[in-house]
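See below for the structure under consideration.
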Amino acid sequence: MSFHKIPAGTRGSKPPSPNPVYRFLTRTMERYHRFRHDRFLGMDLVYLTTVGAKSGSERRVTVSRFPADDGGWLVVASMGGAIQHPGWYHNIAAHPDQVWAEVGGTKFQVTAEQLDGERRERAWQQITAEQPRYLGYQKKTDRLIPIIELRPRG
């Protein structure tokens, strides 16, 4: 499967630094999310596992998920309106055949498809209607925020 990466922006917020304190907080928040049945700030979550674009090591991140039409999930590579895309987006672009999603304690290998055109616009309308904070993220940056559809592999 080919995956065409969207260019980074020229303006936006700075991404957080992955220092030891940040990693500790991330692990703590994941335990809290699991305790809350994979929900945070009114959003459903997915634990996304990718293979590092540079390292080749497995990486896990927690991201918001939204229902897709075909039973999969939509995830948004917003990084809070940062100037650049999140690392997991680059990992999917580098290794689109090595992506897993965990929902409700079950881990699935998934097919990841970047949405574009009308499909992306429909998904964006759905996401921003449910969570208007994403409109604020788009205002912070001039990059097109990628939307990825994840579908469990059969």
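- In this structure, G72 and P152 approach most closely via the heavy-atom pair CA-CD, 4.3 Å.
- Panel note: side chain Y134, backbone W124; no donor-acceptor pair is recorded below 3.5 Å.
- With rounding to the nearest 0.5 Å, the separation of NE2 in H85 from CZ in R143 is 5.5 Å.
- In this structure, Q126 contributes its side chain and P67 its backbone to a donor-acceptor pair below 3.5 Å.
- Residues I92 and V51 fall into different hydrophobic clusters, defined by Ile, Leu, Val, Met, Phe, Trp and Tyr side chains chained together at heavy-atom separations under 4.5 Å.
- Between L115 and R119, the closest heavy-atom pair is CD2-NH2, 3.2 Å.
- Looking only at distances, a side-chain donor or acceptor of T141 sits under 3.5 Å from a matching main-chain atom of R11.
- Separation of atoms CG (L135) and NZ (K140) is listed at 12.5 Å; rounding is to 0.5 Å.
- Residues T50 and N91 come closest through the heavy atom pair OG1-ND2, 3.0 Å.
- Here the side chain of D142 pairs no donor or acceptor atom with the backbone of G9 at under 3.5 angstrom.
- Residues R60 and E102 are not paired through a salt bridge, judged by the lack of any N-O separation under 4.0 Å between the basic side chain and the carboxylate.
- Not one N or O on the side chain of Q84 forms a donor-acceptor pair closer than 3.5 Å with the backbone of G12.
- Taking CD1 from I6 and CZ from R120, the interatomic distance works out to 6.5 Å, rounded to the nearest 0.5 Å.
- Atom CG of D97 is separated from atom CD of Q109 by 7.5 Å, given to the nearest 0.5 angstrom.
- Criterion: ILVMFWY side-chain heavy atoms under 4.5 Å apart, direct or through other members. Under it, Y137 and L74 are part of a common hydrophobic cluster.
- Side chain of Q114 to backbone of P146: no donor-acceptor contact under 3.5 angstrom is found.
- The minimum heavy-atom distance linking A101 with V110 is given by the pair CB-CG1, 3.8 Å.
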Stepwise, does the side-chain contact (heavy atoms from CB on, under 4.5 Å) test hold for E149 with D70?
CA-CA 10 Å; E149 182 176 358; D70 64 358; 2.9 Å; yes

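- Open room surrounds CG on D69; 12 or fewer heavy atoms of other groups in view lie less than 6.0 Å from it.
- V46 and W100 are not part of a single hydrophobic cluster, where members link through side-chain heavy atoms under 4.5 Å apart.
- When the shell of 6.0 Å around CD of Q125 is examined, it contains more than 12 heavy atoms from other residues, nucleotides or ligands.
- Distance check, rounded to the nearest 0.5 Å: OG of S78 to CD1 of I147 gives 10.0 Å.
- Between W88 and V75, some side-chain heavy-atom pair lies under the 4.5 Å cut-off.
- Rounding to the nearest 0.5 Å places CG of L48 at 6.0 Å from CG of L150.
- Scanning both residues, P86 and A77, for their nearest heavy atoms gives CD-O, 3.5 Å.
- Considering F108, Y47, F66 in turn, F108 is the only one that fulfils the ring-ring contact (aromatic ring centres under 6.0 Å, His included) rule with W73.
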